[in-house]
Amino acid sequence: MSLEAVRPRLPAITSLRFFAAFHVALFHMNEMGAITGPHWFKSFAAIGYVGVSFFFVLSGFILVYTYAGRDINLRDFWQTRFARIYPAYLFSLLLSFPFFYYGALKMHVPFFAFSEQHFALASVLVLLLLQSWIPAAALSWNAVAWSLSVEAFFYVVFPFALTRYSKLSRTVLWGLIPACWLAGLAISGGYLLLRPAGMPYVSSSNWSGAVQFVKFFPVVRLPEFLMGMACGFLFLRSERNPKFALPLVGLGLLGVAATTVAARFVPYLVVHTAMSGPAFAAVVCGIALQPSWAAWLNNRALILFGNASYSFYLLHTMFVWPF
């Protein structure tokens, strides 16, 4: 089938978005001490931040699936992307502003240090989706919105990357997947070797500028998106036989389980940035093959939750923090 052919929707992929957003919410609940239950579940919740990596990989895959083989008008593409993400984004900012204002100007804690010192600048950066370009400001206002700042950068890059990717052979595309993975790991690994913050251990409560750079700077997270794009093109150029779905999803879930276990021993930054990318790519590609055993993901309720996952992701911290 040519890339130009009309492509069916992938409702099961929409359902996956809900599970990724819920995993992020579990992480924040765990950080607030609201998670109880067996050790394996708490360990799984503790790495919920990797759900953002899933979204970055998925974004590259879905944009390729949607736009490959089509002529893209840059203005129309960016307007469409803006209309898709900004209204809910702005609504989340309006709802979270009282907490942001109080936290930045009244609480005097490290989490709000940049916003306390540069309140107006932080506010403008967030409104313009630029907060992640100044990593110290990335968590300003609505903390989870940093990923939308990164995603906005991906939208700028995508039309140009799409043209380049469309000319690549399958062999090169296959090579890009491990190359992107290694590039992401090299950045976090480089930090651990250089230790610019002078700290032997880095956790999710570390607010140093160097750590924030590795976690939030858009160019650092670009390999995850580019990996997703490579998977999207390979998917479109493949036979798309559902028999490959089980090994792909199985390997992907095994990778996520391995990450959960390894997080006790592997440095936090390595787990946070890019480590799970190939596992998520395998799951996405496997489910996109629409095997019959995954038909439960086409359930209307799950699809509804998947469509609502973006808003849930943007708003969930306002319900988690009270715990």
Do [X] and [Y] belong together in a cluster built from hydrophobic side chains that touch within less than 4.5 Å?
X      : Y      : answer
Val64  : Leu74  : yes
Met29  : Val52  : yes
Leu182 : Val220 : yes
Leu129 : Val157 : yes
Leu173 : Trp181 : yes

With a 4.5 Å heavy-atom cut-off, do [X] and [Y] have their side chains touching?
X      : Y      : result
Phe114 : Leu121 : yes
Phe27  : Val50  : no
Ile62  : Val284 : no
Leu105 : Phe112 : no
Phe154 : Leu63  : no
Phe235 : Leu289 : yes
Lys215 : Pro135 : no
Leu297 : Ile287 : yes

Classify the angle between the aromatic ring planes of [X] and [Y] as parallel (below 30°), tilted (30 to 60°) or perpendicular (above 60°).
X      : Y      : result
Phe100 : Phe119 : parallel
Tyr86  : Tyr89  : tilted
Phe56  : Trp146 : perpendicular
Phe77  : Tyr155 : perpendicular

Would you please indicate if the ring centroids of His23 and Phe44 are separated by under 6.0 Å?
yes
Tell me, with the steps shown, if His316 and Phe22 meet ring-ring contact (aromatic ring centres under 6.0 Å, His included).
CA-CA 9 Å; His316 77 269; Phe22 188 67; 9.5 Å; no
Verify the distance criterion only: is there a donor paired with an acceptor across the side chains of [X] and [Y] at less than 3.5 Å?
X      : Y      : result
Ser115 : Ser140 : yes
Ser147 : Tyr313 : yes
Ser276 : Ser53  : no

Working to the nearest 0.5 Å, report the span between CZ of Arg240 and CG of Leu234.
11.5 Å
Roughly how far, to the nearest 0.5 Å, is the CG atom of Leu94 from the CZ atom of Phe91?
7.5 Å
For the student: nearest non-hydrogen atoms of Gln212 and Ala136, plus distance
CB-N, 4.4 Å
Tyr49/Tyr268 under ring-ring contact (aromatic ring centres under 6.0 Å, His included): CA gap, chis, key distance, verdict:
CA-CA 11 Å; Tyr49 49 78; Tyr268 163 74; 5.2 Å; yes
Are Ser132 and Phe217 close enough, and set up right, to give a side-chain contact (heavy atoms from CB on, under 4.5 Å), and what steps lead you there?
CA-CA 5 Å; Ser132 288; Phe217 195 65; over 6 Å; no
Do other residues, nucleotides or ligands put more than 12 heavy atoms under 6.0 Å from Arg170 CZ?
yes
Applying ring-ring contact (aromatic ring centres under 6.0 Å, His included) to Phe97 and Trp141, what does each step give before you reach the verdict?
CA-CA 7 Å; Phe97 182 77; Trp141 204 325; 5.4 Å; yes
Going through the checks in order, is the side-chain contact (heavy atoms from CB on, under 4.5 Å) test met by Phe19 and Leu302?
CA-CA 9 Å; Phe19 293 107; Leu302 281 178; 4.0 Å; yes
